[in-house]
J.: 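Let me give you the structure first, and then I'll get to my questions.
Just so we're clear, the structure is a prediction, and the values are computed from it rather than from any experiment.
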Amino acid sequence: MHQEAEILIGKDVLSRIPEYIISKSFSSVFVLVDENTFEYCYSELKEFLPKHHLIEIESGEGNKTISTCERIWRKLTEENADREALLINLGGGVLSDLGGFAAGCYKRGIKYINVPTTLLAMVDASVGSKTGVDFMNFKNQIGLFYGPQAIFIYTDFLRTLTEKELYAGFSEVIKHYLIADAEAFYEISDLFLQICRQNISIKQIDWEELVKKNIYIKSQIVDKDKFEKADRKALNFGHTIAHAMESYYLNKGYRISHGMAVGIGILCESRISIGPGTRFAHIQLCIFFLFKDLPELPQKDIPEILRLIKQDKKNTGGHVQFTLLEDIGTYSINNVVEESVITENLKYYSEYTEIYDADTTSN
Ligand SMILES: NC(=O)c1ccc[n+]([C@@H]2O[C@H](COP(=O)([O-])OP(=O)(O)OC[C@H]3O[C@@H](n4cnc5c(N)ncnc54)[C@H](O)[C@@H]3O)[C@@H](O)[C@H]2O)c1
C-alpha cells in the first residue's frame with residue numbers, strides 16, 4: 001500500500017503532533033525507540049504525546065530483523081493494539097524501515113508516522129514508503145511498500161548525532177544531487193573543500209534547507225513511480241555495489257554503515273558511468289572527505305563482490321541492471337554493464353584502499 005504522507009518540517013513540528021493525533025482518533029499510541037533515540041530524543045517528543053506505550057529495541061543494522069519485528073508484534077499484542085493503533089518511529093533509517101514493516105504486517109496494517117532523527121533518515125529513509133528487514137545477510141530482502149501517514153522532521157535532533165553518522169547521511173545527499181541537481185552537487189563539493197581548507201564546521205549548514213531540497217528531489221521521483229517500475233530506479237544509483245559491499249563485509253564478520261556502503265557504491269558506479277576525469281575527481285573528493293576510513297577490498301575478493309552483485313534483488317532475467325549517471329545531474333536506468341567493466345572499477349577501489357592502508361600504517 002502506498003500512502004501519500006504529509007511531511008512537516010520546522011522548529012515547532014513536535015508541538016504539532018498532539019493536534020495530529022487527536023484529529024485521527026487513534027485507539028492507542030506506541031513509540032518505537034532504540035537506546036540512543038531513547039536517550040537523546042525521546043524526552044523532547046514525550047512532552048507532546050498523549051498516554052502511550054514505549055517499545056525499546058537495540059540500535060544498529062544488526063537488529064533490522066524479523067526477530068526484532070516479533071518483539072514489536074508481541075508488545076502490540078500484549079497491549080491489545082487494535083487496527084486503529086498508531087506506531088511512531090523515533091529514530092534513524094533502521095527504525096523507520098523496521099517499524100514501518102512491523103506496522104504494515106500487524107493485523108494487516110496499522111498506521112504509523114516517522115519522526116526521523118538521523119540525517120540519512122531525514123533526507124531519505126523516512127520518505128517514500130519502502131520498509132523492510134534484512135535476511136540471511138541480504139539487505140532489505142523481506143519488505144513492503146507501506147507508507148507512513150505523516151513525517152515530522154525536527155532537525156535539532158541532529159545535534160546529538162556523532163560526526164561519523166552525520167557524514168554517513170551525506171552519501172544519500174550526494175546521490176540525490178548527482179542524479180538530479182548538478183548545481184547543488186558542485187555547491188556541496190565546494191563546501192566540503194572549504195571545510196578541509198579552512199577548518200570550518202559542517203554544523204553551520206542550514207539543515208532545514210538541505211533536508212527540504214533532498215525531500216523535494218526524492219518525492220519528485222517517487223511520485224512518478226511509486227513501485228519502482230521505472231523512474232524510481234534512479235534512486236538506486238550507487239546501491240547495486242553498495243548492497244553487495246554491505247553483504248561482503250558482513251560475511252567477513254565486519255559491518256560497515258549503510259551510508260559508507262553507498263559512498264563506495266557512488267564512487268565505483270560514478271567511475272563506471274563517466275570514467276575517471278575532472279567530473280569524477282569532484283565526486284571522489286566528496287566521498288574521500290566524508291569517509292576517511294574506507295575499508296580495504298583485497299583484489300582476490302572481487303569475484304565475491306561480482307557474485308553478490310548478481311544476486312541483487314533489483315536484477316531481472318539474470319541481468320545485472322545499473323542506474324548510471326549520464327552526466328552530473330542526469331541519469332539513465334536499466335544499464336547492463338559488462339562484467340569486465342565492473343571488475344575494472346572495483347579494482348580501482350581495491351587499489352585505492354591498498355595504497356591508503358599502506359599510507360596510514362606507515363605513518
Ligand atoms: N526505506 C528507504 O527508502 C531507505 C533509504 C535509505 C536508507 N534506508 C535504510 O536506512 C538504514 C540506515 O539508517 P541510519 O543511517 O539512520 O541508521 P540508524 O537508524 O542505525 O542510526 C544510526 C545510529 O545513530 C543513532 N541515532 C539515531 N538518531 C540519533 C540522534 N539524534 N542522536 C544520537 N544518536 C542517534 C542510532 O541509534 C544508531 O546507532 C539502513 O538500514 C538503510 O537500508 C532506507
Side-chain angles (χ1 to χ4, degrees), residues 1-3 5 30 32-34 55-77 81 83 85 87-89 91-114 116 118 120-121 124-149 172 218 222 225-229 232-233 235-236 238-251 253 255-259 261-262 265 307-318 320-321:
M1 182 190 81
H2 177 82
Q3 183 72 46
F30 291 78
L32 181 65
V33 292
D34 65 28
I55 309 177
E56 185 176 333
I57 60 165
E58 281 160 39
S59 66
E61 185 77 29
N63 296 299
K64 204 174 113 176
T65 59
I66 280 286
S67 63
T68 312
C69 283
E70 274 184 40
R71 283 180 48 199
I72 300 171
W73 293 325
R74 191 164 299 127
K75 179 81 173 170
L76 292 168
T77 307
R83 289 177 101 174
L87 180 68
I88 300 177
N89 299 321
V94 165
L95 256 79
S96 51
D97 275 13
L98 180 76
F101 177 72
C105 297
Y106 182 76
K107 296 195 173 175
R108 299 204 178 90
I110 59 168
K111 297 192 169 70
Y112 74 99
I113 62 178
N114 286 333
T118 64
L120 191 139
D124 192 356
S126 67
V127 183
S129 82
K130 276 190 182 177
T131 69
V133 294
D134 303 335
F135 188 62
M136 292 174 69
N137 284 355
F138 288 107
K139 286 280 299 176
N140 307 324
Q141 186 80 343
I142 313 290
L144 298 170
F145 285 98
Y146 188 74
Q149 296 290 303
E172 301 286 8
K218 182 163 182 182
V222 171
D225 173 27
K226 297 181 176 35
F227 299 105
E228 202 172 288
K229 300 288 177 221
R232 190 169 180 165
K233 292 183 186 174
L235 297 167
N236 295 335
H239 282 61
T240 302
I241 289 182
H243 287 164
M245 288 289 181
E246 275 186 274
S247 298
Y248 163 77
Y249 288 111
L250 208 52
N251 292 338
R255 188 179 288 284
I256 61 170
S257 73
H258 179 70
V262 173
R307 189 187 66 76
L308 289 163
I309 289 174
K310 285 181 195 149
Q311 291 186 1
D312 192 287
K313 64 181 168 310
K314 298 182 291 295
N315 297 339
T316 47
V320 180
Q321 306 230 314

J.: If I compare all heavy atoms of Q321 with all of T240, which pair ends up nearest, and what's the gap?
T.: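 Distance-wise, the nearest heavy atoms are O-OG1, 3.9 Å.
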
J.: Could you pull out all residues at least two apart from L144 that satisfy side chain to side chain contact (heavy atoms under 4.5 Å, CB included)?
T.: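 Scan of L144 (side chain to side chain contact (heavy atoms under 4.5 Å, CB included), adjacent residues dropped) gives F101, C105, T131, Y146.
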
J.: Could you grab the distance from atom OG of S126 to atom CG of L95, nearest 0.5 Å is fine?
T.: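 So the OG of S126 and the CG of L95 are separated by 12.0 Å.
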
J.: So, D134 side chain and N140 main chain: donor-acceptor pair closer than 3.5 Å or not?
T.: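 Pair found, side chain donor or acceptor close to backbone of N140.
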
J.: Atom CG of D34 and atom CG of N89: how far apart are they, to the nearest 0.5 Å?
T.: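 One gets 11.0 Å once the value is rounded to the nearest 0.5 Å.
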
J.: Partners of S247 by side-chain hydrogen bond (donor to acceptor under 3.5 Å, both in side chains), sequence neighbours excluded?
T.: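 With sequence neighbours excluded, S247 shows a side-chain hydrogen bond (donor to acceptor under 3.5 Å, both in side chains) to no residue whatsoever.
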
J.: List in chain and number order the residues that pass salt bridge (charged side-chain N to carboxylate O under 4.0 Å, His left out) with R307, two or more places apart in sequence or in another chain; answer none if no residue qualifies.
T.: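 Only E304 meet the salt bridge (charged side-chain N to carboxylate O under 4.0 Å, His left out) criterion with R307.
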
J.: Look up atom CG in N114 and atom CG in D97, then write down how far apart they are to the nearest 0.5 Å.
T.: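 Answer for the CG-CG pair, N114 versus D97, is 9.0 Å.
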
J.: Please round to the nearest 0.5 Å and tell me the distance separating atom OH of Y248 and atom CG of L308.
T.: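 These two atoms lie 10.0 Å from each other.
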
J.: Checking the side chain of R108 only, and the main-chain atoms of R83 only, is there a donor and an acceptor separated by less than 3.5 Å?
T.: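 Not a single qualifying donor-acceptor pair exists.
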
J.: Assess the residue pair V127 and V222 against the criterion (side chain to side chain contact (heavy atoms under 4.5 Å, CB included)); give the C-alpha distance rounded to whole Å, side-chain angles, the decisive distance to 0.1 Å, and a yes or no.
T.: CA-CA 9 Å; V127 183; V222 171; over 6 Å; no

J.: We want to know whether E172 and H239 form a side-chain donor-acceptor pair, criterion being a heavy-atom distance below 3.5 angstrom.
T.: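 Yes.
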
J.: On a heavy-atom basis, which atom in G91 and which in A121 lie closest, and how many Å separate them?
T.: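 So the two residues come closest at O-CB, 4.1 Å.
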
J.: Any donor-acceptor pair under 3.5 Å linking the side chain of D124 with the backbone of L120?
T.: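 Not a single qualifying donor-acceptor pair exists.
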
J.: Can Q311 and F138 be said to form a side chain to side chain contact (heavy atoms under 4.5 Å, CB included), step by step?
T.: CA-CA 9 Å; Q311 291 186 1; F138 288 107; 2.6 Å; yes

J.: Just jot down the ring pair (Phe, Tyr, Trp, His ring centres under 6.0 Å) partners of F30, sequence neighbours excluded, or say none.
T.: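 F30 satisfies ring pair (Phe, Tyr, Trp, His ring centres under 6.0 Å) with H53 once adjacent residues are dropped.
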
J.: Rounded to the nearest 0.5 Å, what's the gap from CD1 on I66 to CG on L98? Could you check?
T.: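 Result: 9.0 Å between the selected atoms.
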
J.: So, using salt bridge (charged side-chain N to carboxylate O under 4.0 Å, His left out) as the criterion, who are the partners of K107 when residues are at least two apart?
T.: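 Checked K107 against salt bridge (charged side-chain N to carboxylate O under 4.0 Å, His left out); zero matches.
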
J.: So, does Y249 use its side chain to make a donor-acceptor pair with the main chain of A261 at under 3.5 Å?
T.: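 Looks like no, no N/O pair under 3.5 Å.
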
J.: Specify the closest pair of heavy atoms between K226 and F145, including all atoms of both residues, with the distance to one decimal.
T.: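 Of all heavy-atom pairs spanning K226 and F145, the closest is O-CE2, 3.4 Å.
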
J.: Calculate, to the nearest 0.5 Å, the distance between atoms CZ and NZ belonging to R232 and K218 respectively.
T.: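 Between atom CZ of R232 and atom NZ of K218 there are 5.5 Å.
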
J.: Are K130 and E228 ion-paired here, with the side-chain N under 4.0 Å from a carboxylate O?
T.: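 Salt bridge: yes.
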
J.: Between N63 and E58, which heavy-atom pair has the shortest distance, and what is it?
T.: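 Heavy atoms only, the tightest pair is ND2-O, 3.1 Å.
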
J.: Could you work out, with side-chain hydrogen bond (donor to acceptor under 3.5 Å, both in side chains) as the rule, every residue matching E61, not counting sequence neighbours?
T.: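 Residues passing side-chain hydrogen bond (donor to acceptor under 3.5 Å, both in side chains) with E61: K139.
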
